[in-house]
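Just so we're clear, the structure is a prediction, and the values are computed from it rather than from any experiment. No hydrogens, no waters, no symmetry mates; every other heavy atom, side chains included, goes into these values.
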Amino acid sequence: MNFIKHKLEEIIMGATRELGYSLPENSEIVRDSDRPDLSDFQSNIAMGLAKSLKQNPRMIAQSIVEKIKDDEIDFSIDGPGFINIKLSNKFVGDILNKNVSRETFALQHFENTKKIIIDYGGPNVAKSLHVGHLRSSIIGEALKNLAKFKGYDVIGDIHFGDWGLPMGLIITSIKEKGIKLPLSVAELNPIYPEASKRSKEDSEFMALAQEETKKLQNGDEENRKIWKSFWETSVNDIKKTLSILNVDFDLWYGESDANDDVNMLSAEFHDKGFTKMSEGAEIIDLSNYPMNGVEVPPFIVIKSNGAVMYGMTDMATLYDRVKRQKADMVWYVADSRQGLHFHQVFSAAEITGVAENVKLEHLGFGTVLGMDAKPLKTRNGDNVSLMELITETLSKARKKIDENEKTSSLSDTEKEKIANAVGIAALKFADLINPRMSDYIFNLDKFVSFEGKTGPYILYTAVRIKSLLRDCGIEFKENPITLSNQYDKALAIKICDFTSVIDRAFEARGIHILMQYVYELAVSYNNFYHNVKIMPEKNLAQKKSWLKLSNTVLLIFEVFADIIKIDIPERM
């Protein structure tokens, strides 16, 4: 909740009850002011009451204001009946001291008993990560940590694409060419694209690959050995790349782990009459489960050639998550273009009872675009390698650090550490500041800037606070915060909105809400810092108050950094 709004709502609702007014259900009692130059908050409830009471809204507003007796709140009525609310420094300071402490910003401060499994990342083995995996990985990681902050029992699962025909194509190529194992990443990467292209042109090669796939899925020892070898090479490379982004998983499962459940569920669906035959394939009819009013294709359990598609491996994975892992919610962080696929899986899971008593959500996301506003690609039209993107970003960040006078005396090792922190913060913030479903343009020069709405700007503000607290060297944590001007008051009001922001970001599954808040908090702090001279302040109590206020902002930055998994350096 917003601590200040909550207190004001209690006061205003008390007055309306005394007057005998009955507020419309779900009324917004207090909102942020449209004119912050005139008031801190405003209430428009008189407008809603006027309709039901058939009275002049300005007269209703006047009666509410007159009923409230509080010397620390200044009310004024504007226009047809808007109530402007101006708070005293003491009112804001008292709420801040009462409600905000280090514990407010502790992980798992909130208590929840539900379990969430978040499926994100979703890379295919035998392929290097590309730019498309950036969004899934860092959005999923942030949502996982946000849910943990809310106190949920959260499990992150990468869910590799490591089964089916693509594996058969690779095995066939390795056998045919007599390629020795183990393979390096460089040796492995071209095998699948070449085999996939050939399978579309060579029916004999495709038939052979299908046979090798079937042997793999049936437990053939040789194929399992080949698969395991290139699986380990690929997964180790994926882990290495994701570790640079500080992305980690509780479970490193893949489609292969669902193989046994696929066979079991296929038989169960058939035996219980959930399926029917259509053009040689066994399907679950979804005609009663339209998507946006449009009928969708059926869910395919077994193809006409006996093969199983990844919809069925998703179903089997979901079965494990619900029946064995006891998930209450399962979130799938995947490209928004997979909406139809997840609609089919969720609908079929409902029909068959696999998704009984669990909430399923596909949390889609938009596309990373190039400066031409088209999907980001290399010059020859390939997907941009994620490692190349990371390397370029870190290089740009290092150049910024090398040009910075404040870090000129640091060692190369220290500069490298700072540049890595700045680069990863730039990359993550630039992605997460956008609403999840939105596309955004990848503009690296803008992202690594120390000014504007960027990750480096947030880090710079946090480092500024660290430097201030270090240079002052005064113990302040037991002192109350005493507000004395418009700048520390505005900052305190912004701080009091923190837990409300966390709630809104979680409910919307929207990390951008937290990003926007943190940026606004940084702007508010820098405005405070430049207008209030903390270091030379002679009044020790006031100085300690401002240091504690600064430290409270730093605590919020640290929560933010822990949620999106970035590092805050000591110096910049």
Side-chain angles (χ1 to χ4, degrees), residues 116-124 129-147 152 154-161 242 245 247 249 255 286 289-297 299 309-311 313-315 317-318 321 327-350 355 358-370 373-377 383-384 386 389 427-442 504-516 563-564:
I116 305 173
I117 294 179
I118 306 183
D119 180 323
Y120 65 105
N124 295 314
L129 298 177
H130 57 75
V131 65
H133 295 110
L134 174 69
R135 301 214 71 187
S136 176
S137 298
I138 63 178
I139 292 172
E141 185 72 19
L143 287 171
K144 178 183 73 177
N145 295 318
L146 177 65
Y152 286 88
V154 189
I155 293 176
D157 184 359
I158 192 169
H159 196 62
F160 291 112
L242 292 180
L245 292 172
V247 172
F249 295 87
E255 292 176 313
L286 301 180
Y289 290 79
M291 181 178 179
N292 300 323
V294 178
E295 187 172 325
V296 301
F299 178 85
M309 298 178 69
Y310 72 97
T313 62
D314 273 351
M315 181 73 78
T317 302
L318 177 59
R321 289 166 175 169
D328 297 290
M329 290 182 269
V330 184
W331 297 351
Y332 295 83
V333 181
D335 193 303
S336 59
R337 290 170 291 186
Q338 293 193 45
L340 174 59
H341 166 75
F342 285 108
H343 179 83
Q344 290 174 299
V345 173
F346 296 172
S347 300
E350 181 179 335
V358 64
K359 184 177 181 181
L360 308 177
E361 298 181 49
H362 169 218
L363 306 180
F365 54 80
T367 304
V368 181
L369 307 177
K374 297 178 181 179
L376 189 62
K377 301 279 187 179
N383 285 320
V384 176
L386 181 53
L389 203 69
L427 201 58
K428 288 192 169 189
F429 189 90
D431 187 293
L432 297 172
I433 189 64
N434 299 283
R436 180 165 41 80
M437 291 295 288
S438 298
D439 300 339
Y440 74 90
I441 291 176
F442 192 86
R504 296 199 305 271
F506 178 81
E507 291 303 320
R509 317 294 190 245
I511 297 298
H512 69 284
I513 295 171
L514 176 60
M515 300 297 102
Q516 180 64 31
I563 288 174
I564 74 167

Can you name the residues that form a ring-ring contact (aromatic ring centres under 6.0 Å, His included) with [X], not counting sequence neighbours?
X      : answer
Phe249 : Tyr120, Trp252
His130 : His133
His341 : Tyr310
Phe442 : Phe447

Taking the side chain as everything from C-beta on, heavy atoms only, tell me whether [X] gets closer than 4.5 Å to [Y].
X      : Y      : result
Phe160 : Pro123 : yes
Ile155 : Ile116 : no
His362 : Phe346 : yes
Val154 : Ile117 : no

Look up atom [atom1] in [X] and atom [atom2] in [Y], then write down how far apart they are to the nearest 0.5 Å.
X      : Y      : atom1 : atom2 : value
Asn292 : His343 : CG    : NE2   : 8.0 Å
Ile138 : Ile564 : CD1   : CD1   : 8.0 Å
Leu389 : Leu134 : CG    : CG    : 6.5 Å
Ile511 : Leu432 : CD1   : CG    : 6.5 Å

Under a 3.5 Å distance rule, please check whether [X] uses its side chain to pair with a backbone N or O of [Y] as donor and acceptor.
X      : Y      : value
Asn434 : Ala430 : yes
Arg504 : Ile513 : no
Arg436 : Gly364 : yes
Glu350 : Ala355 : no
Asp157 : His159 : yes
Ser336 : Met437 : no

side-chain contact (heavy atoms from CB on, under 4.5 Å) partners for [X], two or more places apart:
X      : result
Thr367 : Arg337, Leu369, Pro375, Asp439
Val330 : Leu318, Arg321, Ala327, Tyr332, Val358, Leu360
Pro435 : Ser438, His512
Met309 : Ile300, Lys303

Centroid-centroid distance, Trp331 to Phe506, less than 6.0 Å: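 Under 6.0 Å, so yes.
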
Tyr440 ring center near Phe365 ring center (under 6.0 Å):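 Distance test on ring centres: not under 6.0 Å, no.
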
Among all residues two or more places apart in sequence or in another chain, which pass the salt bridge (Lys or Arg N to Asp or Glu O under 4.0 Å) test with [X]?
X      : answer
Lys359 : Glu361
Glu255 : none
Lys428 : none

Test side chain to side chain donor-acceptor pair (under 3.5 Å) applied to Lys374 - qualifying residues, sequence neighbours left out: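 Residues passing side chain to side chain donor-acceptor pair (under 3.5 Å) with Lys374: none at all.
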
Of Leu242, Ile158, Leu129, Leu386, the residue whose pairing with Ser137 passes side-chain contact (heavy atoms from CB on, under 4.5 Å):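 Of Leu242, Ile158, Leu129, Leu386, side-chain contact (heavy atoms from CB on, under 4.5 Å) with Ser137 is met by Leu242 alone.
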
Trace of the side chain to side chain contact (heavy atoms under 4.5 Å, CB included) decision for Ile139 with Leu363: CA-CA 9 Å; Ile139 292 172; Leu363 306 180; over 6 Å; no

Ile433 vs Gln516, side chain to side chain contact (heavy atoms under 4.5 Å, CB included): CA-CA, chis, key distance, verdict: CA-CA 6 Å; Ile433 189 64; Gln516 180 64 31; 4.0 Å; yes

Nearest non-hydrogen partners of Pro297 and Leu286, listed with the distance: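 Looking at all heavy atoms of both residues, the closest pair is O-CD1, 3.6 Å.
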
N-O pairing of Glu141 and Lys144 below 4.0 Å: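 So Glu141 pairs with Lys144 through a salt bridge.
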
